[in-house]
Engineer: 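Starting off with a structure, shown below.
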Number of protein chains: 2
Amino acid sequence: MFQLSKKIEYALIALRHMAMGHAGQIFTAKEIADKYHIPYDLLAKVMQKLAKKGYITSYQGLHGGYTLTRNPSELKVSAIINAIEEKQTVAIIQCEAESPENCIIHSTCTIKNPLVRLQTTINKMFDELTITEMV
Amino acid sequence: MFQLSKKIEYALIALRHMAMGHAGQIFTAKEIADKYHIPYDLLAKVMQKLAKKGYITSYQGLHGGYTLTRNPSELKVSAIINAIEEKQTVAIIQCEAESPENCIIHSTCTIKNPLVRLQTTINKMFDELTITEMV
DNA sequence: TAAAATACGACCATATAAGTCCTAATTTTA
DNA sequence: TAAAATTAGGACTTATATGGTCGTATTTTA
Ligand code: SF4
Ligand code: SF4
């Protein structure tokens with residue numbers, strides 16, 4: 001528990017790689033998968049999601065690939081995480097990640113508040129960390 | 001991902017509950033399970049682990065139960081987490097949680113360092129948070 | 001038209017998490 | 001001494017999440 005998923009790590013690795021190239025440079029999923037020994041299919045999916053969310057721009061066809069659409073300094077890790085995982089994923093307690101009613105002890109739970117406070121700080125950290133800090 | 005497990009939440013709830021009683025007061029697993037609508041068997045296991053690690057003291061037999069062995073202010077959340085989960089669990093990247101060789105891209109990975117730095121801060125937060133802050 | 005790329009859904013295998021069940025062992029008390 | 005209430009702990013089951021794979025379109029260029 002408490003780990004970033006492989007998908008997120010792959011996304012970060014890919015984005016960092018792209019951030020090191022020159023502006024507008026096209027990268028293919030295959031090229032990145034090979035370089036970092038990442039399973040191609042999985043990376044492809046991850047990049048498709050990043051494209052769908054607008055963080056990278058995709059070009060189909062021969063000589064296609066992806067370019068960064070934004071400046072790396074605008075690529076917050078928090079945003080990338082949320083782009084790839086569906087539910088609010090940086091939520092150390094479950095009632096913050098999904099609907100509170102899912103936890104049967106929600107009404108009697110007494111540990112929520114201190115943990116939520118802690119989470120706020122963590123959120124801020126992921127918010128302030130951008131791809132720029134990774135190159 | 002990135003959530004505390006139910007076991008840990010149950011441990012925190014139980015310890016907080018115990019911290020609210022008077023020093024040396026005995027609590028049973030059943031009593032706490034009932035009060036917070038936690039599955040008894042699961043909570044029992046959790047408390048057994050806490051007892052084994054010395055955070056609470058167990059008394060068997062009729063009118064048995066558990067008492068807090070330490071002052072709540074000495075009960076770090078980080079320690080409780082590690083008591084219950086086996087491997088280094090507050091490790092946002094996998095190579096920090098287990099042996100780095102398990103990650104086939106470890107040698108080529110380029111995102112480790114910034115994340116490790118972030119993790120250091122998170123560790124500190126869990127280290128500074130004690131049960132006292134929860135009562 | 002062939003090649004190389006993205007797009008995307010379906011699927012599978014494995015691991016983890018969560019919960020349950022069963023049977024001791026211990027202690028107290030009626 | 002027997003029954004009751006408790007901890008102790010292993011085995012098991014189920015549910016869910018993760019990581020990965022496969023198959024097939026679609027798009028674009030040479
Ligand atoms: S209500 Fe309490 S136990 Fe339930 S998910 Fe939230 S923090 Fe965890
Ligand atoms: S080496 Fe990189 S990809 Fe592998 S676990 Fe560590 S951070 Fe994640």
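Chain naming here is simple, since letters A, B, ... match the order of the sequence lines and numbering starts at 1 in each.
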Engineer: Side-chain N or O of A/Gln94 versus OP1/OP2 of D/dT16: is the shortest distance under 4.0 Å?
Structural biologist: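 No, A/Gln94 has no side-chain N/O under 4.0 Å of OP1/OP2 on D/dT16.
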Engineer: Find out whether B/Asn123 and B/Thr120 are in side-chain contact, i.e. whether some heavy atom of one side chain is under 4.5 Å from a heavy atom of the other.
Structural biologist: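 Counting from C-beta outward, B/Asn123 and B/Thr120 never come under 4.5 Å.
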Engineer: Within the structure, does a side-chain N or O atom of A/Tyr66 lie under 4.0 Å from either OP1 or OP2 of C/dA5?
Structural biologist: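 For A/Tyr66, the contact criterion (side-chain N or O under 4.0 Å from OP1 or OP2 of C/dA5) is not met.
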Engineer: Any donor-acceptor pair under 3.5 Å joining the side chain of A/Gln60 to the base of C/dT6?
Structural biologist: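 Answer is yes: a donor-acceptor pair is held.
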Engineer: Over how many whole Å does the gap from B/Gln3 atom CD to D/dT18 atom C1' extend?
Structural biologist: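 It works out to 14 Å between those atoms.
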Engineer: side-chain hydrogen bond (donor to acceptor under 3.5 Å, both in side chains), that's the test. Do A/Glu85 and A/Ser5 meet it? Break it down for me.
Structural biologist: CA-CA 9 Å; A/Glu85 307 285 350; A/Ser5 70; 2.6 Å; yes
Engineer: Looking only at side-chain N and O atoms, does B/Ser58 come under 4.0 Å of OP1 or OP2 in D/dA8?
Structural biologist: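 The answer is yes; a side-chain N or O of B/Ser58 sits under 4.0 Å from OP1 or OP2.
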Engineer: Within this structure, what is the CD1-to-C1' distance between A/Ile26 and D/dT27, rounded to whole angstrom?
Structural biologist: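 Rounded to the whole Å, the gap is 14 Å.
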Engineer: Evaluate the side-chain proximity of B/Gln3 to A/Ile92: yes if any heavy-atom separation is below 4.5 Å, no if none is.
Structural biologist: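 Counting from C-beta outward, A/Ile92 and B/Gln3 never come under 4.5 Å.
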Engineer: Could you pull out all residues at least two apart from A/Asp127 that satisfy side-chain hydrogen bond (donor to acceptor under 3.5 Å, both in side chains)?
Structural biologist: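 For A/Asp127, the residues satisfying side-chain hydrogen bond (donor to acceptor under 3.5 Å, both in side chains) (neighbours in sequence not counted) are A/Ser78.
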Engineer: Rounded to the nearest Å, what distance is computed from the CD atom of residue B/Glu85 to the P atom of nucleotide C/dA15?
Structural biologist: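 The answer, rounded to whole Å, is 17 Å.
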Engineer: Without decimals, in angstroms, what is the distance between B/Leu62 CG and C/dA25 P?
Structural biologist: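 The answer, rounded to whole Å, is 19 Å.
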Engineer: Near DNA chain C, counting only heavy atoms under 4.0 Å, which residues of residues 34-51 of chain B show up?
Structural biologist: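 Within this stretch, B/Pro39, B/Asp41, B/Leu42, B/Lys45 sit under 4.0 Å of the strand.
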Engineer: Would you mind reading off the distance between B/Lys7 atom NZ and C/dT20 atom P, rounded to a whole angstrom?
Structural biologist: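 One finds 14 Å between P of C/dT20 and NZ of B/Lys7, rounded.
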Engineer: Testing the 3.5 Å rule here: is there a donor-acceptor pair between the side chains of A/Glu74 and A/Thr130?
Structural biologist: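 The answer is no; no qualifying pair exists.
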Engineer: Please give, in whole Å, the distance from C/dT20 P to B/Lys6 NZ?
Structural biologist: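 From B/Lys6 NZ to C/dT20 P: 13 Å.
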Engineer: Measure OH/B/Tyr10 against P/C/dT20 and give the value in whole Å, please.
Structural biologist: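 Going from B/Tyr10 (OH) to C/dT20 (P), I get 9 Å.
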Engineer: Taking only distance into account, with no hydrogens and no angle test, what donor-acceptor pairs under 3.5 Å do side-chain atoms of residues 7-31 of chain A form with protein atoms, sequence neighbours excluded?
Structural biologist:
residue, atom, partner, partner atom, Å
A/Arg16, NE, B/Thr110, OG1, 2.8
A/Arg16, NH1, A/Met134, O, 3.3
A/His17, ND1, A/Tyr36, OH, 2.8
A/Gln25, OE1, A/His22, N, 2.9
A/Thr28, OG1, A/Glu31, N, 3.0
A/Thr28, OG1, A/Glu31, OE1, 3.4
A/Lys30, NZ, A/Asp34, OD2, 3.0
A/Glu31, OE1, A/Thr28, N, 3.0

Engineer: When the distance from CD of B/Glu9 to P of C/dG19 is rounded to whole Å, what number comes out?
Structural biologist: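 Spelled out: CD on B/Glu9 to P on C/dG19 is 10 Å.
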Engineer: So for atom NZ, which belongs to A/Lys35, do other residues, nucleotides or ligands contribute more than 12 heavy atoms lying within a distance under 6.0 Å?
Structural biologist: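 No.
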